[in-house]
Amino acid sequence: MTAESSIELDVFAADARRWLDANRTHAPRDYGAILPPGLREDGVSWQRRLFDAGWAGIHWPVRHGGRGLTRAHQAVWLEECARVDVQPFVNMVGFVLAGQGLL
């Protein structure tokens, strides 16, 4: 377990809520699992914002751009995003199927 993976889930959830409350106005509208072509620019901008703030690939290894946290932390992130109705990442299909398959 890394030092970061020991972050308590309630502390992580509170951090996620604070960040989402401050940034959700930058998120594209909810579009489902696959980013429509008309929202590409907004989606890519949102993904860059997520990545720059450390909210992309939460349970992915640090060497692959993630935070090295647990799947439980990822689940908390998904719940917090659902709470405020924003996309947790740009392309769920790519993230879940391709990304996880490569890892």
Side-chain angles (χ1 to χ4, degrees):
M1 179 183 294
T2 66
E4 183 144 25
S5 68
S6 65
I7 295 173
E8 295 292 331
L9 292 177
D10 57 342
V11 171
F12 180 81
D15 288 345
R17 275 191 297 277
R18 276 191 295 279
W19 190 87
L20 287 165
D21 287 345
N23 289 276
R24 68 182 179 200
T25 59
H26 300 283
R29 67 171 171 75
D30 187 1
Y31 50 78
I34 299 173
L35 180 70
L39 290 178
R40 183 192 175 282
E41 188 175 315
D42 291 341
V44 170
S45 176
W46 178 241
Q47 186 66 37
R48 171 53 57 193
R49 183 178 289 272
L50 292 172
F51 180 81
D52 288 348
W55 298 109
I58 291 165
H59 68 287
W60 286 20
V62 173
R63 72 181 181 276
H64 295 299
R67 289 178 66 177
L69 296 175
T70 68
R71 291 188 182 275
H73 290 90
Q74 179 67 30
V76 167
W77 172 249
L78 296 175
E79 289 173 10
E80 293 302 326
C81 287
R83 181 184 66 79
V84 296
D85 198 26
V86 300
Q87 295 291 335
F89 29 71
V90 169
N91 186 330
M92 181 173 24
V93 172
F95 181 82
V96 174
L97 298 178
Q100 295 293 77
L102 290 170
L103 288 176

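Between R29 and L39 the shortest side-chain heavy-atom distance falls below 4.5 Å. Considering only heavy atoms from C-beta on, I7 comes within 4.5 Å of R67 through its side chain. You'll find the side chain of D15 stays beyond 4.5 Å of the side chain of W77, heavy atoms only. For the pair V86 and L20, the minimum side-chain heavy-atom distance is below 4.5 Å.
Side chain of W46 to main chain of Q87: a donor-acceptor pair is present (N/O by atom type, distance under 3.5 Å, no hydrogens or angles). Looking at H26, its side chain never comes within 3.5 Å of a backbone N or O of N23 through a donor-acceptor pair. At distances below 3.5 Å, not a single donor-acceptor pair connects side-chain atoms of E80 with backbone N or O atoms of A16.
Using a 4.5 Å cut-off between side-chain heavy atoms of Ile, Leu, Val, Met, Phe, Trp and Tyr, with links allowed through other members, Y31 and V44 fall into different hydrophobic clusters.
From L35, atom CG reaches atom CD of Q47 across 10.0 Å, with rounding to the nearest 0.5 Å. Between the CD1 atom in I58 and the CG atom in L69 there is a gap of 7.0 Å [rounded to 0.5 Å].
Of all the heavy atoms in A13 and V76, the pair that sits closest is CB-CG1, 3.5 Å. For the pair G43 and P28, the tightest heavy-atom approach, listed with the atom from each and the gap, is CA-CG, 4.1 Å. The two residues L50 and P88 come nearest to each other via the heavy atoms CD1-O, 3.4 Å.
Here the two rings, on W55 and F12, have centers that are under 6.0 Å apart.
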H59/T70 under side-chain contact (heavy atoms from CB on, under 4.5 Å): CA gap, chis, key distance, verdict: CA-CA 5 Å; H59 68 287; T70 68; 5.9 Å; no
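Under a cut-off of 6.0 angstrom, the local environment of CZ in F51 is sparse, with at most 12 non-hydrogen atoms contributed by other residues, nucleotides or ligands.
In summary, R17 and D21 do not engage in a salt bridge, as defined by a charged side-chain N under 4.0 Å from a carboxylate O.
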